[in-house]
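Note that the numbering runs from 1 along the sequence shown for the chain.
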Amino acid sequence: MALKINQSVSKDAQARTLLKELLKVHQIHQAYNVRDLTDADEQILEKAFNTTREMMPRISAKEIKFEDKKWDSLFNFLMAEQISFARVLTNGDDNLNEYVQAKNQAHQAYALVETAINNLENEGK
């Protein structure tokens, strides 16, 4: 992933950190499609979820802003992916209908993130 997340993306260091954490969740979600989670994956997920939880008041108040609407869109898609992926991991397949719904939502969010990343990468070339 060649996205450069620096001050041109957001002057808010916490927003940049959260964006980087969410991109790591996206990468783990991608890997989860082909392999089980590792201990390192779980530590990264836990850190990202904790960062998100800490920043939730700012997120809810829509205080997380980026310099460009494309970055705002990427952030929103990443948040949706994180939430739906967390549901996949916590639901397990005990309730198959909920699991399938969560998995479908996670895949949809994943696809939106990939499109947003590709658009940003292509814009940077």
Side-chain angles (χ1 to χ4, degrees):
M1 197 170 304
L3 290 180
K4 292 191 193 271
I5 301 171
N6 54 31
Q7 288 187 346
S8 68
V9 172
S10 176
K11 295 190 184 346
D12 181 347
Q14 285 184 319
R16 290 193 310 271
T17 298
L18 180 59
L19 187 62
K20 290 174 187 176
E21 293 294 325
L22 293 173
L23 283 166
K24 290 177 188 174
V25 172
H26 177 71
Q27 292 171 323
I28 291 170
H29 183 193
Q30 182 179 28
Y32 184 67
N33 290 324
V34 294
R35 63 167 172 77
D36 289 336
L37 294 179
T38 64
D39 289 343
D41 291 338
E42 290 179 10
Q43 288 174 351
I44 291 167
L45 289 174
E46 184 176 350
K47 183 178 179 199
F49 295 147
N50 288 337
T51 301
T52 303
R53 189 176 316 120
E54 288 169 16
M55 292 188 65
M56 195 50 77
R58 289 188 60 206
I59 295 166
S60 297
K62 299 187 188 301
E63 293 174 359
I64 302 295
K65 300 279 186 216
F66 296 93
E67 302 303 315
D68 186 307
K69 293 230 183 271
K70 290 178 184 170
W71 287 100
D72 280 328
S73 293
L74 175 61
F75 174 75
N76 290 330
F77 295 150
L78 284 164
M79 283 296 298
E81 180 183 26
Q82 182 189 40
I83 291 164
S84 54
F85 185 46
R87 283 183 53 218
V88 168
L89 296 176
T90 57
N91 281 349
D93 53 6
D94 296 339
N95 182 335
L96 196 57
N97 287 336
E98 282 183 27
Y99 178 75
V100 168
Q101 182 182 11
K103 200 155 175 84
N104 286 339
Q105 288 173 345
H107 284 302
Q108 289 170 352
Y110 176 87
L112 291 170
V113 168
E114 280 296 300
T115 300
I117 288 171
N118 288 335
N119 289 341
L120 285 164
E121 284 178 341
N122 290 335
E123 191 176 278
K125 290 181 181 175

_Under the side-chain hydrogen bond (donor to acceptor under 3.5 Å, both in side chains) test, residues paired with Ser8 that sit two or more places apart_ = Asn6
*Identify, with sequence neighbours excluded, every residue that meets ring-ring contact (aromatic ring centres under 6.0 Å, His included) alongside Tyr110.*
His26, His29
*asked:* If I compare all heavy atoms of Glu81 with all of Ala106, which pair ends up nearest, and what's the gap?
replied: CG-O, 4.4 Å
*With side chains defined as the heavy atoms from C-beta onward, is the minimum distance between Leu3 and Leu19 less than 4.5 Å?*
no
*asked:* Please list all pairs meeting ring pair (Phe, Tyr, Trp, His ring centres under 6.0 Å) that have one or both residues in residues 42-71, counting only residues at least two apart or in different chains.
replied: Phe66-Phe75
_Using the side chain to side chain contact (heavy atoms under 4.5 Å, CB included) criterion, which residues pair with Glu54? Sequence neighbours excluded._
none
*Please report the closest heavy-atom contact between Lys65 and Lys62, naming both atoms and the distance.*
NZ-O, 3.1 Å
*Can you list every pair that meets salt bridge (charged side-chain N to carboxylate O under 4.0 Å, His left out) and has a residue in residues 11-38, with sequence neighbours left out?*
Asp12-Arg58, Glu21-Lys24, Glu21-Lys47, Arg35-Asp41
*Could I get the full list of side-chain hydrogen bond (donor to acceptor under 3.5 Å, both in side chains) partners for Gln108, not counting sequence neighbours?*
none
*Can you measure from OG1 (Thr38) to CD1 (Ile44) and round to the nearest 0.5 angstrom?*
7.0 Å
*Indicate, with yes or no, if Ile83 and Leu74 share a hydrophobic cluster defined by side-chain heavy-atom contacts under 4.5 Å among Ile, Leu, Val, Met, Phe, Trp and Tyr.*
no
*Residues in side chain to side chain contact (heavy atoms under 4.5 Å, CB included) contact with Asn119, at least two apart in sequence or another chain*: Thr115
_Qualifying residues under side-chain hydrogen bond (donor to acceptor under 3.5 Å, both in side chains), relative to Thr52, sequence neighbours excluded_ = Gln82
*If you draw a 6.0 Å radius around CG in Asp39, do more than 12 non-hydrogen atoms from other residues or ligands fall strictly inside?*
no
_Validation row: Glu42, Glu46 side chains within 4.5 angstrom (heavy atoms)_ = no
*Can you name the side-chain hydrogen bond (donor to acceptor under 3.5 Å, both in side chains) partners of Thr51, sequence neighbours left out?*
none
_For the CG atom of Leu45 and the CG atom of Asn50, what is their distance to the nearest 0.5 Å?_
11.0 Å
*Identify which one of Val25, Ile117, Leu112, Leu22 satisfies the side chain to side chain contact (heavy atoms under 4.5 Å, CB included) criterion when paired with Leu78.*
Leu22
_Residues forming a side chain to side chain contact (heavy atoms under 4.5 Å, CB included) with Ala80, sequence neighbours excluded_ = Ala109
*About how many Å separate OG of Ser84 and CG of Leu89, when rounded to the nearest 0.5 Å?*
10.0 Å
*Is the closest side-chain heavy-atom distance between Ile5 and Leu23 below 4.5 Å?*
yes
